[in-house]
Amino acid sequence: MTRIHFFRAAFAAALLAVLVLSLWPSPEPSPISTGWDKSDHVVAYLVLGLLGIGAFSSRPRLWIALLAYGGGIELLQGFVAYRSSSWADFGADATGLGLALLLGAFTRVGSALRPRS
């Protein structure tokens, strides 16, 4: 399995995991949690963003698609028992994506500045 195939498989698995955990109709907190809902959103979308960079590079359509994915999940949560739509959650998703974008940029700059041997 090549590096790109690994990242694409991991990205697809993470998309599915975020969808399932976001729409799971249970009053119990998720077993995968930081303990604070907003930080769960930031971490989930940070991971999605970093895996997306590995899978598809840092293309504008990646960020648009992931924002739309987060927004779509927020809309769907309005129809699920024990869930609700929230602009604050969508903002936390966008924050996680922004952090992924920054980390990806710093990584590229760092590797460009690293001396070649």
Side-chain angles (χ1 to χ4, degrees):
M1 178 180 271
T2 65
R3 179 182 170 277
I4 194 97
H5 290 110
F6 167 79
F7 275 104
R8 287 187 177 176
F11 180 70
L15 284 171
L16 181 61
V18 167
L19 180 67
V20 169
L21 291 170
S22 297
L23 298 178
W24 195 263
S26 171
E28 299 298 319
S30 169
I32 304 170
S33 177
T34 63
W36 183 43
D37 178 57
K38 301 306 175 257
S39 63
D40 290 343
H41 284 263
V42 170
V43 169
Y45 283 82
L46 170 63
V47 170
L48 285 175
L50 292 174
L51 290 173
I53 290 170
F56 302 105
S57 189
S58 188
R59 299 179 182 155
R61 64 181 166 203
L62 169 68
W63 306 110
I64 293 166
L66 287 173
L67 272 176
Y69 185 74
I73 287 175
E74 285 306 315
L75 291 174
L76 290 173
Q77 283 181 334
F79 300 101
V80 177
Y82 301 107
R83 299 288 180 173
S84 61
S85 297
S86 167
W87 281 106
D89 288 349
F90 182 69
D93 299 346
T95 300
L97 291 174
L99 290 172
L101 190 59
L102 285 172
L103 283 172
F106 285 133
T107 302
R108 281 190 306 277
V109 168
S111 66
L113 295 175
R114 198 172 301 126
R116 308 265 186 231
S117 39

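- Closest approach of Pro25 and Val80 over heavy atoms only: CB-CG1, 3.7 Å.
- Among residues two or more places apart in sequence or in another chain, the ring-ring contact (aromatic ring centres under 6.0 Å, His included) test is passed with Phe56 by Phe11.
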List the atom pairs, donor and acceptor, that lie under 3.5 Å between side-chain atoms in residues 61-78 and the rest of the protein, sequence neighbours left out.
| unit_1 | atom_1 | unit_2 | atom_2 | d |
| --- | --- | --- | --- | --- |
| Trp63 | NE1 | Ser58 | OG | 3.2 |
| Tyr69 | OH | Leu15 | O | 2.4 |
| Glu74 | OE1 | Ser86 | N | 3.0 |
| Gln77 | NE2 | Ser22 | O | 2.7 |

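- Grouped by direct or indirect side-chain proximity (heavy atoms under 4.5 Å, Ile/Leu/Val/Met/Phe/Trp/Tyr only), Leu16 sits with Val20, Trp24.
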Output side-chain donor-acceptor pairs under 3.5 Å for residues 90-102, partner residues at least two apart or in another chain, one line each.
| unit_1 | atom_1 | unit_2 | atom_2 | d |
| --- | --- | --- | --- | --- |
| Asp93 | OD1 | His41 | ND1 | 2.7 |
| Thr95 | OG1 | Gly91 | O | 2.9 |

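- Applying the salt bridge (Lys or Arg N to Asp or Glu O under 4.0 Å) criterion to Asp89, with sequence neighbours excluded, gives Lys38.
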With a cut-off of 3.5 Å and sequence neighbours excluded, list every side-chain donor-acceptor pair involving residues 42-50.
none

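- For Ala14 against Leu51, the heavy-atom pair with the smallest separation is CB-CD1, 3.7 Å.
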